[in-house]
Amino acid sequence: MENKPESTATNNFIKTIIREDLKNNKNNGRVHTRFPPEPNGYLHIGHAKSICLNFGLAQEFNGITNLRFDDTNPTKEEVEYVDSIIEDVKWLGFDWDDRLFYASDYFDALYDYAVDLIKKGLAFVCEQTPEEIRLCRGTLTEPGTPSPYRNRSIEENLDLFERMKNGEFEDGSKTLRAKIDMSSPNINMRDPVVYRIKKAHHHRTGDKWCIYPMYDFTHGLSDMLEGITHSICTLEFEDHRPLYDWYLDVLETPCHPQQIEFARLNITYTVLSKRKLLQLVQEGHVSGWDDPRMPTISGFRRRGYTPSAIRDFAEKIGVTKAESIVEFSFLEYCIREDLNKTAIRRMAVINPLKVTIENYPEDMKDDYLEAVNNPEDASSGTHQIRFSKVIYIEKDDFMENPPKKYFRLYPGSEVRLRYAYFITCKEVIKDENGEVIELICTYDPASRGGNSPDGRKVQGTIHWVSAEFGKQAEVRLYDNLFLEEDPNKVPDGKTFLDNLNPNSLKVVTALVEPDLIDAKPGEHYQFERVGYFVADYKESRLGKPVFNRTVGLRDTWSKLMKK
RNA sequence: UGGGACGUCGCCAAGUGGUAAGGCACCGGAUUUUGGUUCCGGCAUUCGUAGGUUCGAUCCCUACCGUCCCAGCCA
């Protein structure tokens with residue numbers, strides 16, 4: 001057995017359980033997990049935590065993981081979601097080999113198990129209406145009352161259940177219910193529904209079935225059928241574990257997977273409920289499930305997050321049973337850490353201010369300067385940037401009346417243009433509204449490349465793009481979708497939608513280095529001193545790029561200014 | 001007020017009877033042609049509260065407080 005260094009292998013309570021199981025040779029030393037999404041929406045970052053957990057655990061303990069769609073409710077599930085889920089899990093970097101399953105694969109087996117339940121006298125066909133069932137279930141403090149159909153004969157139940165399957169009854173008119181304990185303090189044990197009638201078209205089984213099994217019945221048996229050893233789910237299923245166990249126990253199945261619950265992920269400034277995400281999509285508050293502001297895996301992908309950053313995040317936040325809210329900035333830290341090492345650097349001016357260098361020769365040609373592609377990665381090489389008499393700099397990099405410690409350009413100050421020359425601000429030109437529209441500067445030809453032979457120092461280095469050779473590109477500046485740390489915390493009469501950030505997307509035309517015009521969709525860049533950007537997978541085209549801001553660079557200066 | 005769970009630094013999180021890891025954030029300082037990166041240093045006498053057991057408790061016991069989940073023919 002390998003000893004992983006403590007630094008990379010963090011511990012958690014599930015690993016402790018698995019190690020103990022392995023020590024006792026439980027399951028003959030096998031570790032077999034599964035990721036069981038319901039295809040009723042796109043996967044989000046909370047699912048990513050679960051995916052990394054399930055696949056990661058198997059990897060660490062020499063096991064395997066199945067991908068299984070929990071598709072027992074045909075009225076909510078669609079193939080579009082199946083396809084997106086497969087794509088997203090793959091993109092995250094996980095592989096299930098040939099073990100792609102669907103709970104619907106087991107409908108025949110499940111039906112047989114239900115018949116067994118009836119034969120054992122442990123299930124009955126109930127004819128109560130949904131309302132009657134609810135009324136008879138009791139409350140949190142009062143026991144329920146048994147269904148009047150509870151004591152039908154096994155023969156009658158068998159007959160009725162078969163006729164349910166054959167489509168003889170209307171939706172909602174009958175159910176198959178387990179016969180457990182109507183006075184259990186655990187409401188899940190009060191004769192739960194096992195099968196319901198739904199004359200609905202299923203995305204895989206078509207019209208073969210008009211009865212569909214419920215989650216509790218399906219899940220444990222599916223786990224068992226696949227030989228799952230550790231069935232990991234979220235905390236809200238803790239109350240269901242007795243029922244999970246009950247089905248497997250009374251049906252005397254050949255194996256009995258262990259359900260283990262962990263706390264689901266919460267992140268500040270975002271919602272992670274499929275219902276709410278669906279609402280954002282359907283009501284058009286975002287452009288779709290993969291809108292770069294969405295906390296979906298496909299949204300993060302378009303935003304420019306990488307699989308490794310998301311996996312790293314999942315590892316770093318850990319796994320516990322304590323509910324917690326992770327700061328969104330923690331995720332940002334993870335993507336910056338990744339992109340810092342890998343992203344190619346380029347200069348781009350997001351908010352341009354014209355600068356004319358008055359002493360730069362009109363007829364200067366081919367003034368190529370060398371710039372490194374990534375200071376963190378020598379193997380990425382260098383590229384050439386062409387200088388010109390008129391350039392653009394960032395508006396933020398000039399102030400007419402600067403505060404103390406402002407290192408950038410102001411009247412009379414000298415700064416370095418990255419990889420180019422020292423320039424000094426000589427004159428400020430304003431429009432009729434007093435807005436600064438142009439700067440007249442001089443440059444020091446001796447400082448070519450960014451250093452002056454006389455050893456003169458400048459405090460600031462700013463980025464620039466040539467007016468003559470730079471290109472225009474659409475840049476989408478994204479910000480949090482919600483203004484509140486907890487978007488769900490709202491006054492009476494308001495909803496989480498009232499916390500939507502009206503400025504979560506700002507589209508600008510930026511000036512970028514010429515080679516960026518042919519950025520390939522999905523390519524990551526650091527726009528120096530600005531942030532990390534990705535050429536949009538969906539809408540960026542060669543020759544007409546669209547860049548999405550993944551995350552800004554850490555900005556100590558603006559933080560200082562806010563104080 | 002039935003049942004199930006959880007409470008360790010601003011945020012995440014190890015530790016589970018021998019006297020509080022780590023990461024993020026934050027605060028200093030160094031390096032820097034990105035006010036980026038990197039580096040170095042600081043950052044819980046205290047583990048929801050109160051009792052008890054013990055030579056010794058975050059870890060065991062009791063009570064209390066707080067938070068979350070459960071009354072879908074959803075998952």
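By convention in this document, chain letters (A, B, ...) are assigned in the order of the sequence lines, proteins followed by strands, and residues within each chain are numbered from 1.
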Which of these nucleotides, B:C74, B:C69, B:G35, is closest to any side-chain atom of A:T556?
-> B:G35

Sugar-phosphate only, base, or nothing, as touched by A:L140 at under 4.0 Å among non-hydrogen atoms = base

Donor/acceptor link under 3.5 angstrom from A:D555 side chain onto base of B:G35 = no

Answer yes or no: does a side-chain N or O of A:R554 lie under 4.0 Å from OP1 or OP2 of B:U37?
-> yes

With centres under 5.5 Å and planes under 30°, do A:Y215 and B:A75 count as stacked?
-> no

note: A:E394, atom CD; B:U34, atom C1'; distance rounded to Å ~ 13 Å

Taking only the side-chain nitrogens and oxygens of A:K559, find out if one of them lies under 4.0 Å from OP1 or OP2 of B:C26.
-> yes

With both distances under 3.5 angstrom, what nucleotide forms a Watson-Crick or G-U wobble pair with B:C60?
-> B:G52

Separation between the P atoms of B:C27 and B:G10, rounded to whole Å | 16 Å

B:A13 phosphate, OP1 or OP2: any side-chain N/O from A:T320 under 4.0 angstrom?
-> yes

RNA chain B: 5'-proximal contact among A:N12 and A:E38 (nearest heavy atom) = A:N12

So what does A:S324 touch, heavy atoms closer than 4.0 Å: a base, only the sugar-phosphate, or nothing?
-> sugar-phosphate

So what's B:C68 paired with, Watson-Crick or G-U wobble, going by both distances under 3.5 Å?
-> B:G4

How far does the P atom of B:C24 sit from the matching atom of B:A13, given to the nearest Å?
-> 16 Å

Given that both distances must come in under 3.5 Å, which nucleotide forms a Watson-Crick or G-U wobble pair with B:U38?
-> B:A30

Would you indicate what A:Q128 reaches in the nucleic acid, counting non-hydrogen atoms under 4.0 angstrom: base, sugar-phosphate, or nothing?
-> base

Can you tell which of A:Q259, A:E261, A:Q258 makes a side-chain hydrogen bond (donor to acceptor under 3.5 Å, both in side chains) with A:R241?
-> A:E261

Candidate pair A:E60 and A:K15, rule salt bridge (Lys or Arg N to Asp or Glu O under 4.0 Å), full reasoning = CA-CA 9 Å; A:E60 183 169 343; A:K15 291 186 185 180; 3.0 Å; yes

Could A:K321 and A:E238 be called an ion pair, given the rule that one side-chain N must be under 4.0 Å from one carboxylate O?
-> yes

Roughly how far apart, to the nearest Å, are B:U62 and B:G72 at atom P?
-> 34 Å

In whole angstrom, give the distance that lies between atom CZ of A:R336 and atom C1' of B:U34.
-> 14 Å

Which part of the nucleic acid, if any, lies within reach of A:M347 when heavy atoms closer than 4.0 Å are counted: base, sugar-phosphate only, or nothing?
-> nothing

Considering just the side-chain nitrogens and oxygens of A:N40, establish if one lies under 4.0 Å of OP1 or OP2 belonging to B:C74.
-> no

How far does the P atom of B:A44 sit from the matching atom of B:G4, given to the nearest Å?
-> 38 Å

Give A:Y333 one of three labels, base, sugar-phosphate or nothing, depending on what nucleic acid heavy atoms sit under 4.0 Å from its own.
-> sugar-phosphate

Distance, C1' atom - from B:A50 to B:C12, rounded to whole angstrom | 29 Å

Distance-only donor-acceptor test, A:Q526 side-chain atoms vs B:U34 base atoms, 3.5 Å | yes

What does A:D70 touch in the nucleic acid at a heavy-atom separation under 4.0 angstrom: a base, only the sugar-phosphate, or nothing?
-> sugar-phosphate

Counting any heavy atom closer than 4.0 Å, what does A:E327 reach on the DNA or RNA strands: base, sugar-phosphate only, or nothing?
-> base

Less than 6.0 Å separating the ring centroids of A:Y247 and A:Y113?
-> no

Closest to the side chain of A:K76, out of B:C74, B:A14, B:A75, is B:C74

In whole Å, what is the span from the NZ atom of A:K174 to the C1' atom of B:C73?
-> 13 Å

Which sits closer to the 5' end of RNA chain B, A:Q459 or A:N186, going by the nucleotide each is nearest to?
-> A:N186

Determine the contact category for A:K341: base if any of its heavy atoms lies under 4.0 Å from a base atom, sugar-phosphate if only primed atoms, P, OP1 or OP2 are that close, otherwise nothing.
-> nothing

Taking the P atom of each, how far is B:U46 from B:U34, in whole Å?
-> 44 Å

What does A:F237 touch in the nucleic acid at a heavy-atom separation under 4.0 angstrom: a base, only the sugar-phosphate, or nothing?
-> base

Run the salt-bridge test on A:D515 and A:R346 with the 4.0 Å N-O cut-off and return the result as yes or no.
-> yes

Do A:E376 and B:G36 share a donor-acceptor pair, side chain to base, under 3.5 Å?
-> yes

With rounding to whole Å, what would you report as the distance between B:G2 and B:C43 at their P atoms?
-> 46 Å

If you check every side-chain atom of A:P375, which of B:G36, B:G72, B:G4 has the closest atom?
-> B:G36

Return no unless some side-chain N or O of A:T72 is found under 4.0 Å from OP1 or OP2 of B:A75.
-> yes

Think A:R190 has a side-chain N or O under 4.0 angstrom from the OP1 or OP2 of B:G2?
-> no

Should A:E414 and A:R456 count as an ion pair when the cut-off is N to O under 4.0 Å?
-> yes

Taking the same atom, C1', in B:C47 and in B:C9, what whole-Å distance lies between them?
-> 10 Å

Stacked cation flag A:K165 on A:Y111, 6.0 angstrom / 45 deg | yes

Tell me, please, whether A:Y212 has A:K198 positioned over its six-membered ring: NZ or CZ under 6.0 Å from the ring centre and within 45 degrees of its axis?
-> no

